[in-house]
Protein chains: 2
Amino acid sequence: MTIQTRRERERAERERLIVTAARELAEAEGWDAVTTRRLADEIEYSQPVLYSHFKGKGAIMAAVAVQGCEELAEELRAARTAAGSSREALAAVGRAYTAFARRRPALYDVIFTLAVDLPFATPEAPAALQDAFGELLQAVRPIAAEGEDMGALTETYWAGLHGLVTLMRSGRLPEEAHDRRLALLISHFVPQGTG
Amino acid sequence: MTIQTRRERERAERERLIVTAARELAEAEGWDAVTTRRLADEIEYSQPVLYSHFKGKGAIMAAVAVQGCEELAEELRAARTAAGSSREALAAVGRAYTAFARRRPALYDVIFTLAVDLPFATPEAPAALQDAFGELLQAVRPIAAEGEDMGALTETYWAGLHGLVTLMRSGRLPEEAHDRRLALLISHFVPQGTG
DNA sequence: TCTTGTCCCTAGCGCTGCTAGAAACGGAGA
DNA sequence: TCTCCGTTTCTAGCAGCGCTAGGGACAAGA
């Protein structure tokens with residue numbers, strides 16, 4: 001019994017170790033550097049151990065994505081609740097979102113860009129993903145016009161932020177004008193005369 | 001002399017053959033299926049021949065990207081010039097952009113998502129890229145407010161379109177609400193009372 | 001016919017994600 | 001204490017990737 005629980009505890013610990021190692025390696029050197037061999041070295045086990053915890057590399061990345069998304073959701077919430085007005089809340093959430101993407105590019109990539117087998121846009125989506133989207137939704141709600149589709153509006157705002165981030169990070173948009181673009185996006189989403 | 005020119009002609013032809021094969025294979029089975037071995041099979045030459053024409057796989061993809069971008073620019077221009085009002089032009093360009101992305105996902109990926117070594121956002125960028133951006137710019141110009149940064153505004157609109165497309169194509173946004181989201185994006189970029 | 005220079009293919013390098021089969025280890029019963 | 005058994009973990013290897021070195025075939029000119 002206790003032996004069994006100890007083993008389970010150790011297994012769970014090692015699983016966390018794998019996810020942490022993957023995340024740190026990705027944040028330090030990018031996802032290209034995260035190979036199963038490298039990861040195995042990092043945790044001081046052999047490759048097949050990884051596969052006794054996860055179905056494959058994609059599942060490890062998915063675990064990192066969920067973890068990262070929790071942090072994103074927290075940061076969005078902090079930005080939103082600290083804002084004075086609903087207009088400011090929308091802006092603050094937008095800034096927090098893009099700031100997260102720029103500060104933690106590897107996390108952003110694995111959550112929003114790379115192909116990981118996670119369910120999105122369905123009730124089965126991980127709670128962290130739904131939480132993050134919920135933060136956007138709450139920031140968008142007050143500035144929505146009468147009878148406007150809340151979900152679609154939030155998705156559109158999200159798409160704007162995501163587009164800014166990905167085009168900039170891939171070098172397709174110059175970095176220096178980011179703040180101006182973000183301000184434009186926000187101002188176009190806030191109806192005139194809303195505070 | 002004539003022998004020389006014949007050889008050059010044949011080489012140029014084979015180069016086109018490579019780009020076409022890469023493009024068709026990507027459009028048929030996605031970029032994951034485009035391997036140098038597969039491509040060599042397709043053109044009925046051995047792998048090293050590819051490298052006598054292009055520096056590497058990335059350069060082949062870049063060639064496809066430029067070709068695809070020319071088509072995108074044409075479609076954007078057609079949509080823009082066919083529109084009646086400036087408001088309609090903006091909407092038409094937006095629809096044409098997202099329609100292109102959905103109809104030719106492999107081309108869209110290689111132009112705007114995958115990492116290819118092409119210069120962006122600089123004067124050295126391929127003409128096709130600048131043309132496509134120019135179409136967006138011309139569609140955005142009439143609806144810009146007095147003294148607004150045209151370039152940044154266009155980039156922001158572009159980012160909105162790009163975000164919609166990428167999030168949808170990766171399964172992060174549901175397909176069915178695309179038209180509604182696109183309409184929202186457009187309506188938020190058009191100042192009230194502009195025709 | 002022989003030489004020269006170009007062209008192209010075979011074979012292979014080091015890497016990837018992933019896995020089969022053997023080895024080593026830890027706990028239980030004699 | 002020794003042996004057995006089940007689990008855990010490792011070594012070794014597969015098929016595939018992008019890319020390239022080196023040699024062989026082939027065509028043009030002497």
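Naming convention: chains lettered A, B, ... in sequence-line order (proteins, then strands); numbering from 1 in each chain. Keep in mind the model is a prediction, meaning the values are calculated, not measured.
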- Task: Could you give me the CA-CA distance, side-chain angles and deciding distance for Phe120(B) and Phe112(B), then say whether side-chain contact (heavy atoms from CB on, under 4.5 Å) is met?
- Result: CA-CA 10 Å; Phe120(B) 292 96; Phe112(B) 294 119; 5.6 Å; no
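- If you check every strand for non-hydrogen atoms under 4.0 Å, Arg14(B) touches sugar and phosphate atoms only.
- Atom CE of Met61(B) is separated from atom C1' of dC17(D) by 14 Å (rounded to the nearest Å).
- For the pair Arg77(A) and Glu74(A), the salt-bridge criterion is not met [side-chain N within less than 4.0 Å of a carboxylate O].
- Between Phe189(A) and His188(B), the two ring planes are parallel [angle under 30°; tilted spans 30° to 60°].
- Listed nucleotides: dT9(D), dC9(C), dT16(C). Nearest to the side chain of Tyr45(B): dC9(C).
- To the nearest angstrom, C1' of dC7(C) lies 15 Å from CG of Leu50(B).
- Contact of Gln47(B) with dC9(C) (side chain to base): no donor-acceptor pair of N or O atoms is detected under 3.5 Å.
- In this structure, CD of Glu10(B) is placed 9 Å from P of dC8(C), rounded to the nearest angstrom.
- For the residue pair Ser170(A)/Arg172(A), the side-chain donor-acceptor check at 3.5 Å is satisfied.
- Counting distance only, with no hydrogens placed and no angle test, the side-chain atoms of Arg37(B) and the base atoms of dG16(D) include no donor-acceptor pair under 3.5 Å.
- One interatomic measurement links the two molecules: CD of Glu15(B) to P of dC7(C), which rounds to 14 Å at whole-angstrom precision.
- Ser46(A) comes within contact range of at least one nucleobase, with a heavy-atom separation under 4.0 Å.
- In this entry the distance linking NZ of Lys57(B) with C1' of dC17(D) reads 8 Å, nearest Å.
- Between Thr35(B) and dC17(D) there is a side-chain polar atom (N or O) within less than 4.0 angstrom of OP1 or OP2.
- Across all strands shown, Arg38(B) has no heavy atoms under 4.0 Å from either base or sugar-phosphate atoms.
- The nearest whole Å value for the distance from the CD atom in Glu44(B) to the P atom in dC8(C) is 14 Å.
- Considering only side-chain atoms of Tyr51(A), the nucleotide from dC19(D), dG17(C), dA21(D) that sits closest is dG17(C).
- In this structure, Thr36(A) and Pro48(B) both approach DNA chain C, and ranking their closest nucleotides by distance from the 5' end singles out Pro48(B).
- Atom CG in Leu25(A) sits roughly 11 Å away from atom P in dT16(C) (whole-Å rounding).
- Ionic pairing of Glu75(B) and Arg103(B) is present here: one or more N-O contacts between side-chain nitrogen and carboxylate oxygen are shorter than 4.0 angstrom.
- As rounded to whole Å, 13 Å separates atom P of dC18(C) from atom CZ of Phe54(A).
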